[in-house]
Amino acid sequence: MTSPPRGIEVTCPDCGHFYLDWYRPSINLSLDSFDDAYLEEATTTTCPECGVKYDLGTLLARRGGDGRDGF
């Protein structure tokens with residue numbers, strides 16, 4: 001099961017700017033077919049002040065042999 005989106009409060013480690021964002025703590029690619037652009041959006045945050053992007057530590061699960069490559 002893919003977890004629902006969660007709102008998060010972020011303080012940018014580079015510039016210290018505080019902002020609100022969202023992410024998905026876990027995504028099951030065997031059950032949901034999100035495209036790569038959505039996966040990138042759901043698993044990273046980009047500071048609107050300085051533009052630095054960070055990974056959010058999302059768990060991506062996929063059943064072996066289901067044919068998806070890449071992200």
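All values reported here derive from a predicted model rather than from experimental measurement.
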(message) Please determine whether residues Ile27 and Trp22 belong to a single hydrophobic cluster, defined as Ile, Leu, Val, Met, Phe, Trp and Tyr linked transitively by side-chain heavy-atom distances below 4.5 Å.
(response) yes

(request) Return the minimal non-hydrogen interatomic distance between Pro4 and Pro25, and the atom names on each side. (result) O-CD, 3.8 Å

(message) Please report the interatomic distance OG1(Thr43) to NZ(Lys53), rounded to the nearest 0.5 Å.
(response) 8.0 Å

(message) Between Glu41 and Arg24 (salt bridge meaning N to carboxylate O under 4.0 Å), is one present in this structure?
(response) no

(request) Might you point out which heavy atoms bring Met1 and Leu31 nearest each other, and give the distance in Å? (result) N-CD1, 3.5 Å

(message) If we count only N and O atoms by modelled type, under 3.5 Å, do the side chains of Asp32 and Thr2 hold a donor and an acceptor together?
(response) yes

(request) Mind checking the CD-OG1 spacing from Glu40 to Thr46? Nearest 0.5 Å is all I need. (result) 7.5 Å

(message) Is a donor from one side chain sitting under 3.5 angstrom from an acceptor on the other, for Asp21 and Tyr54?
(response) no

(message) Would you compute the distance between atom OH of Tyr38 and atom OG of Ser33 and round it to the nearest 0.5 angstrom?
(response) 12.0 Å

(request) Say whether Thr45 and Tyr19, considering side chains only, have a donor N or O and an acceptor N or O under 3.5 Å apart. (result) yes

(message) Using every non-hydrogen atom in the two residues, find where Cys15 and Cys50 come nearest and quote the distance to one decimal.
(response) SG-SG, 3.8 Å

(request) Find out if a path of hydrophobic residues (ILVMFWY) with successive side-chain heavy-atom gaps under 4.5 Å connects Leu56 to Val10. (result) yes

(request) Mind checking the OG-CZ spacing from Ser26 to Arg6? Nearest 0.5 Å is all I need. (result) 8.0 Å

(message) Any non-hydrogen side-chain atom of Pro48 less than 4.5 Å from a side-chain atom of His17?
(response) yes

